[in-house]
Amino acid sequence: MIAEWIQWRLAILVVSILQATLFTSPASAELSHSHSRVLATATSEKTYAPGYCSMYGICGQRSDGRVLNCPNNTQSVKPDELLSSKIQNLCPTISGNICCSPEQFDTLRGQVQQAVPLLVGCPACFRNFLNLFCELSCSPDQSLFINVTSVKKVNNSLAVDGIDFYVTSTYGEELFNSCKDVKFGTMNTRAMDFVGGGAENYKDWFAFLGRQANLNEAGSPYAITFHSNISDSSVIKPMNATVYSCGDSLLGCSCGDCPSSSLCTESKPPAPRQKHSCFIEIGSLKIKCVIFSLGIAYIFLISAILTWGVIHLRKKRTGLLSKTKPLLNIMDETELRSVNNQEQSAQPTQISGEIPPVIRDAQFSIIQGYLSKLFRKYGGFVSRNPTLVLCSSIALPLLLCIGLIHFKVETRPEKLWVSPGSKAAEEKYYFDHHLAPFYRIEQIILGTIPDPKDGKIPNIVTEQNIKLLFEIQKKVDGLRANYSGNMVSLTDICLKPLGVDCATQSVLQYFKMDPQNYDAYGGVQHAEYCFEHYSSAQTCLSAFQAPLDPSTALGGFSGRKYSEASAFVITYPVNNEIDETANANGKAVAWERAFIRLIKEELVPMVQLQNLTLSFSSESSIQEELKRESTADVITILISYIVMFAYISFTLGGSDQFSSIFIFSKVMLGLSGVIVVMLSVLASIGFFSAIGVKSTLIIMEVIPFLVLAVGVDNMCILVHAVKRKPSDLPLEEKISNALVEVGPSITLASLSEVLAFAVGSFTPMPACRVFSMFAALAVFLDFILQVTAFVALIIFDSRRAEDNRVDCFPCVKVSPSVSSDKGSGQRKLGLLTRYMKDVHAPFLGLPGVKLIVIAAFIAIAFASIVLSTKLQPGLEQQIALPRDSYLQDYFDDLTKYLKIGPPLYFVVKDFNYSLESNQTNQLCSISHCDSNSLLNEITKASLTPESSYIAKPAASWLDDFLIWLSPEAFSCCRKFVNGSYCPPDDQPPCSMGGICKDCTMCFHSSDLHSGRPSTVQFKEKLPWFLDALPSSNCAKGGKGAYTGSVDLTGYDSGLIQASSFRTYHTPLNKQNDYVSSMKAAQDFSSRISDALQIQVFPYSVFYIFFEQYLHIWRTALINIAIGLGAVFFVCLVITCSLWGSLIILMVLAMIVVDMMGVMALLEIQLNAVSVVNLVMSVGIAVEFCVHITHAFSIASGDREARAKEALCTMGASVFSGITLTKLVGVIVLHFAKSELFVVYYFKMFLALVLIGFLHGLVFLPVVLSICGPPSRFVPVDTKLENQPAAPAVPAAQSS
């Protein structure tokens, strides 16, 4: 994969030879030591006429071996028949006399092969480029457009030192246009970057070609100055040779090389899909349709509610409701007396004496009636056998906890966020097993610090900094890590494209990674020279024999101003293995850990002394830091639970006198309740661990919080229900009546939560699925333990209090006189209960307040709907990591300095390379390929990177293979007499002598079919190509560059199972960039696959982690809808009240919608963590709604009176059990070290608690008071004596 860099090598000698030897020819003479310049004198008569030369023959060579032509203003000569035939083959535009000797032409012919790999894919450009040098070297009219301007003295002979080359601007423009878009696929760039130095116009190109090179540098040995403007009177006639358009019908290029061709413009890719937003214009105001629609709906709803309120008040005033007043008054009186009974703690006889003739009788649904009877019987049983119930109830959870011995935590991201049937996971598996897994990355970024005075950022490219870089590299090279007793170094694990040197990406490669070369090569000046000539200078070659693109080793520069860079980027590619055993990359992981330690302990202090910054990362860094994060906030979480426990103990207790506080406090009961809650969590984890389901960090962080929220609420409700019972009732009746009162609502809430989570376990995302499974079982076990173990604990605590034993020290007993109010028959209401009764409920009962509440909550819900559309998918890596992680600086520097995006591979499955299938032309992008081929379409897409997110044309093994075996590339595909592969002459064994003199080309033009090999030829030569090393004679060798790009397994059948074409994404800085780039690549591949009927899919290393965000909205909505639907179903089945169930569903939906609106305001992204929190919010929100609604349904009176009674009886329990308990626990999370905890747990949980409280205790009572379901109790005329002494009337005792 980093072997893709190796093909940078293909242009190294090409450009230097094009700039040097194509202009000249070898000679035996040597350049004298005299470097004095001898200008052409005016007295030397020159002839500028057709048939005359300006240069002819060879007069010497420079000390670096570059040959120089002779200034020779003689007539052109007639070549012999053999030379003429050779010239016609290479330079068909030149006929008759010539201005080059046979030696010059042979050199020219031998060297043009260097340009073949770069330009032969576009015949028009290649022909035009050759013609330029044919005219320069051999044109019989050379004197008309070439003028020798300076000469040198070489061994008493004059040699050319500078010329003027006159061409018309039209010629220059057309020549440049024919070549400007020709791609050099091997390097994912344009050929102009190599043959033209990245020229943007023909003048820049000519300036690059004509620049005189220093000794031992690539370029022309003499200066060539191109001119296009000349006076009409001048004897010079600018050259205006024929130029072939890249769209020429005979020599035309592919669409990838010539997008301006008429054939290509007719097949432009479809414009990227734009997100069309609906707007409504009102004058100059432009409003989104969704906002306008919600606004209209809001106005309509508020108007309807206001109209209904006015009509209702008028009817009341006119007496239309008078017929209900006697009944309502009786109900109100009963209610007041019931509350008074609680305050006075009257005896049963007193209560009986105050009950009026009209009493209430329940009309429960079948299931509610059954539950009430069951809880009454169970209350009596548990009161008589608390020890048996306690021991038997905790036996099963304790048994399940044994499974914790198999407890394992899943930390692999692909196992957490990737669905088993994930398309990205399948494609990654296919890529890894058929091609090769992407290499591991170890990286260091060394940056400068802005000047504090003027804020200017210093240049990083200085002698001091480069020498510091050598010191850093020395320490990295000397690093050794212990793995299973063996010492591992970088050279043992690094990627070596050609099997010798590591493919380290660093500016030190311009010095061959050797500090001794620094001064020898010229220091900083050499590095700056290589920044501009990395593709053409032999001295700039890396140690692994490939050019190094400075944009991969530098950062903080603009355009191509590499010398202004403010950062060094050092990348160590390391071999990667398919990690199916978890030990395949053991050596690499061991070295990476040592690498991180080295940087922290030695390199960071070293760099800071030089006033520089250093950020770093290894392949395993993220996983290691995530593991550290899981333990970083253990103390914070424990403190949060301790604070909640302390509050629980406080709120469960209560006494009228300080002297009895030790008797009536509930510290032991609160602690026991928390233990019961945690036991249910551990039992759930133990069960799933036993059956092989791994836990996750989310489970350990969220589920205890969730179950504690539900459990504490149930604890408060149960304890408060018992406390509300007259103190002189027998304990058995207290427990039975309390369970009858609150048992059905606890069951309803718990079963709703269990079913919501259980159904959520069918979601495909593993993290959400596992969370739902664990949560469902934990909540269910918590419910069972609450109504069994905790009720038994309440009985033990009540007995302790009745026996005047001190809380926490039950062995200590105080005298009866110390007890508070034993036998007084009175018990004061708690502070929260008094607040609900005297302040909260009456205030909400005001008509104006009701209207404001309804209007405000609906407005907030509609606003949240609008805001939720702005939620962005993703999870910023900085948030997922600890605040003090070294990766925080690394990711900041990546965004700051990165100049190129992640590699992108387009993988083709089952490529049929047979000649008859024509799939070769459907994929390739050279001459004669289909205009809508895959590679041509990729090239077109790279022209619009803002929408396609494709930065460059693709590197194509297929294009290079077709060029490699073409007859035009006569030094590439060659064979010995025996038919075996013969390498180029500059590679062993051919470079060792005349071993390869009898080698011949693999094919002649007649052997191919329109430039394409037959099926047999393709099958035979492809392995040769993939094993051929690139060199100056044949730069298209595939070894290194394409070794991992083609799967040859079973290719003899005519199908290549897998092959890839590499390009790059544009720089991706935000999570949305990653998601959008993946979506764009998938859309592109889908379109190409449909058009070509070939299986194509995109692959990049990050796709598997970001695929979830393509469907995160659907996942979130499905999970939320399932949760809401489950709650509605359970409520409907148990209560048989459609209207009440719909009200609960509406309030829950509003809570979730408001949560999403808050997420948008706080810029919290939508991801698996937030989706889990939203699903959890449904479960917790049930606690805010169900108990209030149930209390409302069993209360008596009109709707307003019943709403007040529900708040008085259940409001305090819900407020203290969930709101305040969670509030004190959540606030502690603000001090967590992890940003993930602060954002996704502190902020979201705090929002959930506040939103749930406001909806459950403000909005819901108002809605119930206006349009709540009918009461389950009806007035019955019954004689009091027929009633039992302790009636089972939940509402009477709860009110």
Side-chain angles (χ1 to χ4, degrees), residues 1-2 411-414 437-447 460 469 472-473 475-477 479 481 488 490 493-495 502-507 552-556 567-576 579 585 587-608 612-629 632 875-903 1065 1067-1071 1074 1100-1102 1104-1106 1234-1236:
M1 307 260 194
I2 192 66
T411 59
R412 291 175 293 177
E414 65 272 16
F438 196 78
Y439 50 87
R440 305 173 69 89
I441 292 292
E442 334 295 344
Q443 201 164 56
I444 297 175
I445 301 178
L446 192 68
I460 191 72
L469 202 56
I472 293 174
Q473 186 60 45
K475 289 185 175 294
V476 172
D477 288 338
L479 180 64
V488 181
L490 177 60
I493 59 175
C494 70
L495 194 65
C502 295
T504 301
Q505 307 295 298
S506 169
V507 293
T552 65
L554 298 171
F568 288 140
V569 181
I570 306 97
T571 305
Y572 302 101
V574 170
N575 290 314
N576 201 1
D579 197 1
N585 291 301
K587 288 184 178 181
V589 172
W591 187 88
E592 287 164 358
R593 290 172 179 166
F595 175 68
I596 297 300
R597 286 196 301 271
L598 171 71
I599 295 176
K600 288 181 177 179
E601 297 171 4
E602 299 185 36
L603 300 188
V604 170
M606 179 193 307
V607 168
Q608 290 175 343
L612 299 172
T613 63
L614 183 69
S615 60
F616 51 95
S617 171
S618 71
E619 184 72 18
S620 57
S621 287
I622 292 181
Q623 190 167 349
E624 294 292 331
E625 287 296 280
L626 288 177
K627 288 181 181 178
R628 184 171 72 87
E629 182 193 40
L875 175 60
E876 295 293 343
Q877 292 168 313
Q878 290 91 330
I879 292 178
L881 297 167
R883 290 177 176 177
D884 60 348
S885 172
Y886 61 86
L887 290 177
Q888 296 285 0
D889 292 334
Y890 172 74
F891 287 125
D892 289 341
D893 284 351
L894 277 186
T895 302
K896 184 177 179 181
Y897 298 122
L898 198 64
K899 294 300 179 182
I900 195 166
H1065 277 301
L1068 308 175
N1069 298 322
K1070 297 293 184 180
Q1071 295 286 289
Y1074 286 93
S1100 192
V1101 287
F1102 68 87
I1104 190 173
F1105 305 117
F1106 283 83
S1234 168
E1235 191 70 16
L1236 185 72

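Just so you know, residue 1 is the first one in the sequence shown, and it goes up from there.
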Qualifying residues under salt bridge (Lys or Arg N to Asp or Glu O under 4.0 Å), relative to Asp884, sequence neighbours excluded: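 Salt bridge (Lys or Arg N to Asp or Glu O under 4.0 Å) list for Asp884, sorted by chain: Arg628.
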
Rounded to the nearest 0.5 Å, what separates atom [atom1] in [X] from atom [atom2] in [Y]?
{"X": "Ser617", "Y": "Glu624", "atom1": "OG", "atom2": "CD", "value": "11.5 Å"}
{"X": "Leu898", "Y": "Asn1069", "atom1": "CG", "atom2": "CG", "value": "7.0 Å"}
{"X": "Ser1100", "Y": "Phe1106", "atom1": "OG", "atom2": "CZ", "value": "10.0 Å"}
{"X": "Ile570", "Y": "Gln473", "atom1": "CD1", "atom2": "CD", "value": "8.0 Å"}
{"X": "Glu592", "Y": "Ile441", "atom1": "CD", "atom2": "CD1", "value": "10.5 Å"}
{"X": "Asp477", "Y": "Ile472", "atom1": "CG", "atom2": "CD1", "value": "12.0 Å"}

Would you please classify the geometry between the Trp591 ring and the Tyr572 ring as parallel, tilted or perpendicular, with 30° and 60° separating the classes?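 Answer is perpendicular, since the angle exceeds 60°.
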
When the ring planes of Tyr886 and Phe616 are compared, do they come out parallel, tilted or perpendicular, using 30° and 60° as the limits?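 Parallel: the ring planes of Tyr886 and Phe616 meet at under 30°.
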
If you count the non-hydrogen atoms of other residues, nucleotides and ligands that lie under 6.0 Å from NZ in Lys1070, is the total more than 12? no

Side-chain heavy-atom pair [X], [Y] within 4.5 angstrom cut-off:
{"X": "Ile445", "Y": "Asp889", "value": "no"}
{"X": "Ser621", "Y": "Ile596", "value": "yes"}
{"X": "Thr552", "Y": "Thr571", "value": "no"}
{"X": "Glu619", "Y": "Val574", "value": "no"}
{"X": "Phe1102", "Y": "His1065", "value": "yes"}
{"X": "Glu1235", "Y": "Glu876", "value": "no"}
{"X": "Leu603", "Y": "Leu614", "value": "yes"}
{"X": "Phe568", "Y": "Ile444", "value": "no"}

Any sub-3.5 Å donor-acceptor pair from [X]'s side-chain atoms to [Y]'s backbone N or O?
{"X": "Glu442", "Y": "Arg440", "value": "no"}
{"X": "Thr613", "Y": "Gly447", "value": "yes"}
{"X": "Asn585", "Y": "Asn576", "value": "no"}

Minimal non-hydrogen separation, [X] against [Y], with atom names:
{"X": "Leu469", "Y": "Ser506", "answer": "CD2-OG, 4.0 Å"}
{"X": "Pro605", "Y": "Lys600", "answer": "CD-O, 3.8 Å"}
{"X": "Tyr897", "Y": "Gly556", "answer": "CD2-N, 3.4 Å"}
{"X": "Lys475", "Y": "Leu598", "answer": "O-CD2, 3.8 Å"}

Show the numbers, then the answer: is there a side-chain contact (heavy atoms from CB on, under 4.5 Å) between Phe1105 and Leu875? CA-CA 10 Å; Phe1105 305 117; Leu875 175 60; over 6 Å; no

Apply the test side-chain contact (heavy atoms from CB on, under 4.5 Å) to residues Val569 and Gln505: give CA-CA distance (whole Å), side-chain angles for both, the deciding distance (0.1 Å), then the verdict. CA-CA 8 Å; Val569 181; Gln505 307 295 298; over 6 Å; no

What pairs with Tyr890 under ring-ring contact (aromatic ring centres under 6.0 Å, His included), at least two apart in sequence or on another chain? none

So, Asp892 and Gln888: side-chain donor and acceptor under 3.5 Å apart, yes or no?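 Checked: Asp892/Gln888 side chains show no N/O donor-acceptor pair below 3.5 Å.
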
